[in-house]
Structure formats: structure tokens, C-alpha cells
Amino acid sequence: MLLGFQSQFVFDSPPPVFMDDTNSLIEQRKAKLAALRAKGIDPFKNKFTPTETCRHAREQYTEGREVALAGRITAHRDMGKSMFLDIRDQSGRMQIYAQKNVLGDEQFAIFQHLDLADFIGVKGTMFTTKTNEISVKITSFVILAKALRPPPAKWHGLEDTEIRYRQRYLDLMASKAAAPGTSTTGFEKGSPGDVLLLRSEIIREIRNFMHARGFVEVETPMMQAIPGGAAAQPFVTKHNALGCNFYLRIALELYLKRLLVGGVDKVFEIGRVFRNEGLSRKHNPEFTMLEAYEAYGDYESMMELVQGLVCHVAQKVLGTLTIVHERRASVFSVISSREQTMREINQQLRSLPKFELLAEELGKITEQLSEICHSHNQQPAWEIAKASNTPWDAYVGKFCEGMKCKETRPDGIEEKFNKAHVVKAFEWIDLCQKKEINLTPPWRRVKYKDLVREWCSDKAEVDDWFALSPQERRNIAVGHLGLGGDIAKDFEDFEVTNAVFGKYIEPTLIQPTFVTHLPKELVPLAKLTNVKPGDSDYEDLKDTVEVFECCINGQEIAPAYTEQNDPIAQRERLEHQAGGEQQKLDEDFLVALEHGMPPAGGMGMGIDRLCMMLLGQESIRDVILFPQLKPK
RNA sequence: GCCUCGGUAGCUCAAUUGGCAGAGCAGUUGACUCUUAAUCAAUUGGUUUGGGGUUCAAGUCCCCACCGGGGCACCA
């Protein structure tokens, strides 16, 4: 495993101290552990070899077949002199049946005192119970690992988002199994386990696709003396022996282009990049990028590549090109975020007079909100309600008033809703807008200017946005469109237009769309569009570059360029970007370009955002196993 | 960094607006040899995230800190 673990680490802050949060449950488990050891039983076995997985055993069922299975205990039902117990491995669940007269008094007593979350190995024969469940009648068992801490609640699962992210293993443990035949992963759709396995398949299919197209996969430095290829703040780290600082890479670009210079014509890398910026639903400080470069290609060949890649992955992993984000649910189920329980409540609602009014009220509010959303071009409902004349407090107040009614859940708990639930509910409504994304090619291609024109004539009643004077554009954007807060006084004209694009237009691009020919100022490292005076579209294209931004699900998924290969033009751009700080210039990269780089198309794709889109997850933290959180 | 909502038993949640901190699950004990959210009976479990303040009395009101969600800003 880890060799040379003796090396000296120097921490700026003391190493983390683990909370000694002992409680009676942990104490009891430790006592059981000690009791087992006192009997000469080692509850942490080195090896037990199952003959197969739980799923395999179920699929290859024959009455009386002998099997050895291993897994974690997820439930037990004690019947006195016999006992049922569920074990689970990655493949699925298996019911175990133990009988006192088979195991003997002593063994059975030990079996009865096993805890949820312990790992055991069992040997026995397969049979089917009266209620038609395939099970294993055991003849012997061994304890493979004793769990000293209790697992998450078996029914509710884990609701605490902080624990879900910090202790992902608990989140995975609580992942619900899907009903047989409804899922390829064996987990309920959208559950942490499901997302984990599908993400793995997505990345495998990306590799398959790129390799099939003749691209070579490489690995380039993550620690760089000069972080380049994007405009982002880097993380700094220190190399002791070399006595210098390194930066964690913010992009893959400059090293992959060096490989183009060296003669690797089709090259790609999938890897982590690090950006020292704020965190949000769409941003994690470290995230996974795919970048690909193709000599003799351009932005148009990259369009074909991106479209082909995403369709290939969707088809292979999901078996469809139609992606439905169907997490939109009734306000009630959203409020509780325990859908199963709430579904029943919804059914009950109609028969309970005191809820009739409330349900009606909720329906009206939901309707109103979706109307408002629609007329405001799908701005978040939460924001709109806050900003509009709608008495938001009255909404919440009314809600809470209604919610004062208690009701009894199927598990016997009296539940009441409070203001926090309601606020959360509305935030969730924003996240749960039902979406259907159709990836069937060919995807729409539209020039940036045409898209802005189209939207402005449709929504802002401006015939031709670009026929206006810069001052008129600014006035409309700040006034009629309400972008005052997003447009600084010193913004240039193209930035005003881009604010409109970013705030209002990009979020509407749910269906896959290539937005092409952006103004050159927005993308300084791409090549100018090749048009001459006299060409019919000269006016529209003269100050644009050969690029596209591929938007799906209202987010930018992949930008691509016809890459700049003129070393002199590139130097000017980088110097301009570096703002006169010579130490930020990657001289080696510029020297490489001077040796000649073939014309090429290049693209970058945010893998995390791709996963969000394909897997219907609304937060990047749900497609990254261990998202970055502030240390405790 | 700013705005906003939140943090109560191992887990999921209550606490009638400032009046003895409660329930289900699981845990423990007991009954039960085909149960499956097993059931039935009894029972343990709390520095209410931490610190200060107001009050006869604070989970609840005020201030500060910590952590998280959402939004904004930064950033493609």
C-alpha cells in the first residue's frame, strides 16, 4: 500500500482531531466486540471468499444449491428461535434465514446479537419462503467486520446534506435499491449509488469514443510553474526540494498544444483542474475537464465531435437521446423531501377536510408562480417572488398558517410544517422545473448576434438590437430589462450585450445549441472569422471569432475554438492578458508555437456539468463524490 | 466577501409563539421457528452547534462565532 509513509509532513495548522463523540450506541457496540473477543472470536477476519454475489445467487437460483455469500447487514427480523436478516453487497440484497436448531444455541445467540452494518459471510442452501422470496438458509456464518457506529436510518435514509457530502460513504450506504428491472445500476434512479456508477460509465464511454476516433490519451502536469490556458485564479503549492512555488493547473490547454507542435495530431486528456474561486451549485474548486485537440480541424469539426460524443455517451449509458429531468414533484413532496411518505399523504389529502383548503391554496400558488416564471423568462420563482409586488411574506405566512394543521404520518409521527420547509420548498420548485432535453442530432447552430436579435425582438420588443446605438442598448438593458445590478458603469458595449446573453438567453438554451461567432473581445485566444468586405454577412461577422459555445440544460457544457497558431498574434494576446506581468507569460509555450503548430480545432468539456445534464442532478455536489467543503 | 434560511437523541422530525425537551425508527430487556418498514410489552438515550446577554424563567428573544443549504459577487 503506502510505502515511505514515514516522510515528514509539515502542516500550517495542526492535524485534525477526531471528535470523541462517544455515545451509548458506540459503547454498546464496543462492548459486543469485546465480548466476542472474550469468546475467542476474531470479528475482523482476513479472508472469506464468497462463491458469488447476491445478485448472481438470485439470478442462478435453484432450490437447495449451496452458496457462500458476504455482505453488510442491512436489516434483521428476529422471530425468537429463528431469524431473518438482510445482507447487501454491491450487486444487491439477499435474505438470510437462521434457525436455532441448525446453528446450535451458542452460535445462534451470537447471530442474534449481530448489529446493523456489520459484515458477515454465510454458507448455506438456497430456498424460497412462503411469501416467495429467494433466501439462504444458513448452516454457518463468520463475522467479517464489526461496525462500531450505527448506520443511517434504514427507512428515511440520510437527509442531512452536510453529512451526505462530508461522509459520502454513509450516503452510499443509505442509497436505496431499485425495484428489480427498473435500473441498470441496481440503485434507485438519482440515488448516490446510481449516480456514482453511471458517472463511471459516462467516463468510460467518453474514452471509448475518443479512442475509436483515433485520439491519443495523455497526462500532462497538474503542478505548473505558470498556470495558463484560462483566466482564473490558481491555487499555490510549494515544492520543498526545488524551493519554488507551483500552481495547480487551471486548464489543460497549453500542454496539449505543445503536443500538437510535437506531432501528436489527435490528442485528449481527462483530468482534474483547480480554480480558486467561489463555490456554488455549478462550481466546485476542483472539477474534471475533457480537452481535445485535432490538427487540421476547426471549430466546425469540433461541433461534430462534441455532438457525436454526447450522443454516443447518452445512447450507450442511458440508452436514449431524450433526457427527462423529472424531479419536479408536488409542493408537498418537495416540502417533505420524503417522496414515498408524501405520496401517500397526497392521496389522503383529498379525504381530509382540513387539508382540502390548504391543498387548493398550494395549487393556486404553484400555478401563479409558474405563470410568473413563464412571463419573466424563467427567472427563478424565488427571486421573482422576492422582487415582485407579490406580498412574499404573506405567501409564506399563509402557507405556515395552513401548515399549522398537524397530520399523522404512516409511521405514526405527528408532523407539522414550518417556515423553513416552505422556503426550502420554493427554492426546490426552482430546481425542479420539469425539463425534457432532446439530444437528437443535428443540434441547432445559431450565430451569437442572431440569437441576441431573436431574443430581443421577441422579449424586449427591439427590432434589431445591433441597429441601436451603444447608449440605447445600455439604456434598455439597465432600464427595461432590469440589469442595472449586472452592468457596471465602465462596461463596454459588448459587455452590455453579453450581460443580456448570460442573464436571460443562456438559461433558456435547454435544448442543445451551438452558439457561434462570438465577438472577438469575448474570446481573445481564437482565430478571427474568415470573411472579406463584400461578403453578404461581412458586417455581422467581421469582428467575430471562429468559436462556439455548446449550451445544454441552460448551461455552457463545452466551448471550442479554431485555435490560434500564429505565434506573434498569440504572444500579443497573452501579453495583453498578463497585463504587463512578464512572470505570468509561459515563454516555453510561445517558443513551442514558434516551432509551428498545425491549424487545429480544440474543445473543452466540463465533465461534471455533462453528468449533471445526463443524470438529472441539479447540484454539482451530487455528481462529485467528495465535494469541497470547509474543514470542520 | 455580501444577503437569506437553517443547526434539537445515533437517524427522521415535534415542542401550542418565553413556562417541566417529546415522538417514531435503532438500541437494550422480554415473547414469538416463513418474517420483510415484522409484530407485541417494557425501557435507556439530551451541555437543544459553541460563547455571551435580556428574563423569575430561553430550544424559543438579542449579540458574537462555527458549520451547512439557497441566492449574489468572483469565475466560463
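Computed over heavy atoms, backbone and side chain alike; hydrogens, waters and symmetry mates excluded. Chain identifiers are assigned alphabetically (A, B, ...) following the order of the sequence lines, protein sequences preceding nucleic acid strands; residue numbering begins at 1 within each chain.
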Electrostatic pair [X]-[Y], nearest N-O below 4.0 angstrom:
X        : Y        : value
A:Arg72  : A:Asp118 : no
A:Arg55  : A:Asp89  : no
A:Glu133 : A:Arg93  : yes
A:Asp86  : A:Arg77  : yes
A:Glu106 : A:Lys100 : no

[N] to [M] separation - [atom1] atoms, rounded to the nearest Å:
N     : M     : atom1 : answer
B:C63 : B:U54 : C1'   : 11 Å
B:U16 : B:G52 : C1'   : 30 Å
B:G50 : B:A58 : P     : 15 Å
B:C5  : B:G19 : P     : 22 Å
B:G59 : B:A9  : P     : 14 Å
B:A15 : B:U49 : P     : 15 Å
B:G18 : B:C61 : C1'   : 8 Å
B:U28 : B:G69 : C1'   : 36 Å

A:Phe235 ring center near A:Tyr247 ring center (under 6.0 Å)
no
Proximity of A:Tyr299 and A:Tyr561 rings by center, below 6.0 Å:
no
Round to a whole Å and report the spacing from [atom1] of [X] to [atom2] of [N].
X        : N     : atom1 : atom2 : answer
A:Leu148 : B:G27 : CG    : C1'   : 15 Å
A:Arg164 : B:C11 : CZ    : P     : 15 Å
A:Gln233 : B:A73 : CD    : C1'   : 14 Å
A:Tyr165 : B:G70 : OH    : P     : 6 Å
A:Glu162 : B:G6  : CD    : P     : 17 Å
A:Ile26  : B:U28 : CD1   : P     : 14 Å
A:Leu629 : B:C66 : CG    : P     : 16 Å
A:Gln28  : B:G45 : CD    : C1'   : 9 Å

Determine: side-chain N/O of [X] to OP1/OP2 of [N], distance under 4.0 Å, yes or no.
X        : N     : result
A:Lys100 : B:U33 : no
A:Arg29  : B:G27 : no
A:Arg621 : B:G69 : yes
A:Arg166 : B:G68 : yes
A:Arg77  : B:A38 : yes
A:His76  : B:G27 : yes

Between the base of [N] and the side chain of [X], is one N or O donor paired with an acceptor at under 3.5 angstrom?
X        : N     : value
A:Asn101 : B:U33 : yes
A:Ser24  : B:U44 : no
A:Tyr97  : B:U33 : yes
A:Gln95  : B:U35 : yes

Classify the glycosidic conformation of B:U28 as syn or anti, calling it syn when the angle lies within 90° of 0.
anti
Using a distance-only test with no angle check, is there a side-chain donor-acceptor pair under 3.5 angstrom linking A:Tyr448 and A:Thr497?
no
Any donor-acceptor N or O pair under 3.5 Å, side chains A:Tyr165, A:Asp171:
no
Taking any heavy-atom pair under 4.0 Å as a contact, classify A:Asn132: base, sugar-phosphate, or nothing.
nothing
What does A:Phe127 touch in the nucleic acid at a heavy-atom separation under 4.0 angstrom: a base, only the sugar-phosphate, or nothing?
base
Would you write out the dot-bracket form of RNA chain B, 5' to 3', with Watson-Crick and G-U pairs under 3.5 Å, [ ] for crossing pairs, | for pairs to other strands and . for unpaired bases?
(((((((..((((.....[..)))).(((((.......))))).....(((((..]....))))))))))))....
For residues 549-564 of chain A, the salt bridge (charged side-chain N to carboxylate O under 4.0 Å, His left out) pairs (sequence neighbours left out) are A:Lys257-A:Glu563
Dump every N/O contact between nucleotides 29-32 of chain B and the protein below 3.5 Å, one line per pair.
| residue | atom | partner | partner atom | Å |
| --- | --- | --- | --- | --- |
| B:C32 | N4 | A:Gly80 | N | 3.4 |

Select from A:Leu114 and A:Ser82 the residue whose nearest nucleotide in RNA chain B is closer to the 5' end of that strand.
A:Leu114
Quick check on RNA chain B: between A:Leu25 and A:Glu277, whose nearest nucleotide comes earlier from the 5' end?
A:Leu25
Under 6.0 Å from the ring centre and within 45 degrees of the ring axis: does the NZ or CZ of A:Lys137 meet both conditions for the six-membered ring of A:Tyr97?
no
Would you say A:Arg272 has more than 12 foreign heavy atoms packed within less than 6.0 Å of its CZ?
no
